[in-house]
Amino acid sequence: MAHDHGSHAHSHGADHVHGSTDKKRVLVAGCLTAGFMIAEALGGWLTGSLALLADAGHMLADSIALGLAWYAFQLTGRPATGRLTYGFARVKTLVAYTNGIAIFVIALWIVYEAWGRLMQPAPVLGGPMLVVAVAGLLVNVASFFVLHGGDRESLNMRGAILHVLGDLLGSAAAIAAALIILATGWTPIDPILSVLVALLILSTAWSLMREAAHVLLEGVPASLDRDLIAKDLEAAVKGVREVHHMHVWSLDGTSNMATLHACLNDGVDPHAAVSAIKKRLAAKHGIDHATVEPEFGLCADSHDTHDHHHDHDHAHDAPRDRRHYH
């Protein structure tokens, strides 16, 4: 077993600290959001403001989303099992993807309601609406700063921040609508600003969903290039003739992993080569967990159709060492 235990200990230690503080931040933000959501829903109903109702609806979804995000952090701390050998780290990515879908649904509902209001304008009480909107803005600003100090590399935290940012924009739009209604009496500004907020939310939700889906599909992280990493290993690690069958992915958006076959020159110590490859991956490319299969001559999987880094005929030598190092 050739692991770089030092880098693993540092990585897991940092992840644990981030996870613990992020969990508390999400819980505080969730309580703030849920607490004010009821007041804002009542305010929107009493004043007839779609902007307030839309923001309250968004805050309801956010309360649920922040609760799910907190639960995801709870699950992440659980050890791996015989059935879930990677543990529960990817739950955070699932929650981030689900959050994006929830935001999409809410934004579309806001657009639908706004269209109805534009067709049939309804009276809006500007004064009470302004008071509720300002209070909502203060709560959302507090939640945003609580979350903003967390780990912004985490998709789960970014999803939580996105929800609160959407609430903040919603409150700002409600304040602007209330001021315009008080100054001019023009009520269509209420649904118009609601639609603008919905469009902003849709664009950011799409970005979050796309990144979360990339992780769930085990795509190569944006910061890494699989082919360049393979070439770097061939150039930098002594005795490595070729790297193929290489896969690079992320478990949760922050923890990068890789598997690969390393075709070694004759006479090279496979254990030393595997150890050098793992150290190079960790130090140069930020990949702390790698499974490396050393080969001499014919590739054990040469008969299949898996993706190769290079097309290469390995049939010129008989296999000598087929040990699999993890």
Side-chain angles (χ1 to χ4, degrees), residues 1-12 14-15 85-87 89-90 93 153-155 210-326:
M1 305 285 272
H3 274 293
D4 185 354
H5 293 290
S7 66
H8 269 286
H10 174 75
S11 172
H12 291 320
D15 288 347
T85 56
Y86 277 127
R90 193 162 276 185
T93 308
E153 293 296 311
S154 164
L155 275 175
R210 188 176 56 199
E211 288 191 46
H214 190 74
V215 172
L216 293 174
L217 290 171
E218 298 192 340
V220 178
S223 60
L224 300 175
D225 185 314
R226 181 199 64 170
D227 293 345
L228 288 180
I229 293 172
K231 289 176 182 176
D232 174 68
L233 293 176
E234 291 168 356
V237 181
K238 188 176 180 181
V240 175
R241 179 159 53 86
E242 185 201 358
V243 170
H244 59 266
H245 277 333
M246 185 169 192
H247 299 275
V248 181
W249 73 99
S250 175
L251 192 60
D252 57 2
T254 56
S255 177
N256 297 327
M257 314 181 83
T259 61
L260 61 95
H261 291 194
C263 189
L264 307 179
N265 293 323
D266 289 343
V268 173
D269 177 7
H271 186 276
V274 169
S275 180
I277 289 170
K278 285 175 177 282
K279 287 178 180 177
R280 181 70 178 180
L281 287 171
K284 177 75 173 176
H285 304 289
I287 299 173
D288 290 323
H289 183 93
T291 301
V292 181
E293 181 175 343
E295 299 173 341
F296 292 91
L298 182 68
C299 173
D301 296 331
S302 59
H303 61 278
D304 67 21
T305 57
H306 289 175
D307 179 37
H308 277 252
H309 170 56
H310 295 299
D311 284 322
H312 190 82
D313 182 10
H314 298 281
H316 60 277
D317 278 322
R320 299 182 185 177
D321 191 325
R322 215 38 97 202
R323 287 174 290 174
H324 197 147
Y325 293 89
H326 294 283

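Computed from heavy atoms alone, side chains included, the values below leave out hydrogens, waters and symmetry copies. Note that the structure is a prediction, hence the values are computed from the model and not measured.
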Check: Glu218 and Arg90 side chains under 4.5 Å, non-hydrogen atoms: yes
Heavy-atom side-chain contact between Thr259 and Met257 under 4.5 Å: no
If I compare all heavy atoms of [X] with all of [Y], which pair ends up nearest, and what's the gap?
| X | Y | value |
| --- | --- | --- |
| Gly239 | Val268 | CA-CG2, 3.7 Å |
| Gly297 | Cys263 | O-SG, 4.2 Å |
| Pro270 | Leu264 | CA-CD1, 3.8 Å |
| Val243 | Val240 | CG2-CG1, 3.8 Å |
| Thr93 | Ala212 | CG2-O, 3.5 Å |

How long is the gap from [atom1] on [X] to [atom2] on [Y], to the nearest 0.5 Å?
| X | Y | atom1 | atom2 | value |
| --- | --- | --- | --- | --- |
| Glu293 | Cys299 | CD | SG | 7.0 Å |
| Ile287 | Arg280 | CD1 | CZ | 11.5 Å |
| Arg241 | Asp266 | CZ | CG | 7.5 Å |
| Arg226 | His285 | CZ | NE2 | 13.5 Å |
| Leu233 | Lys278 | CG | NZ | 12.0 Å |
| Lys238 | Asn265 | NZ | CG | 10.5 Å |

Where at least one partner belongs to residues 249-268, residue pairs that pass ring pair (Phe, Tyr, Trp, His ring centres under 6.0 Å), sequence neighbours excluded: His244-His261, His245-His261
Qualifying residue, where the test is side chain to side chain contact (heavy atoms under 4.5 Å, CB included) with Leu281 and the options are Val237, Asp232, Leu260, Asp288: Leu260
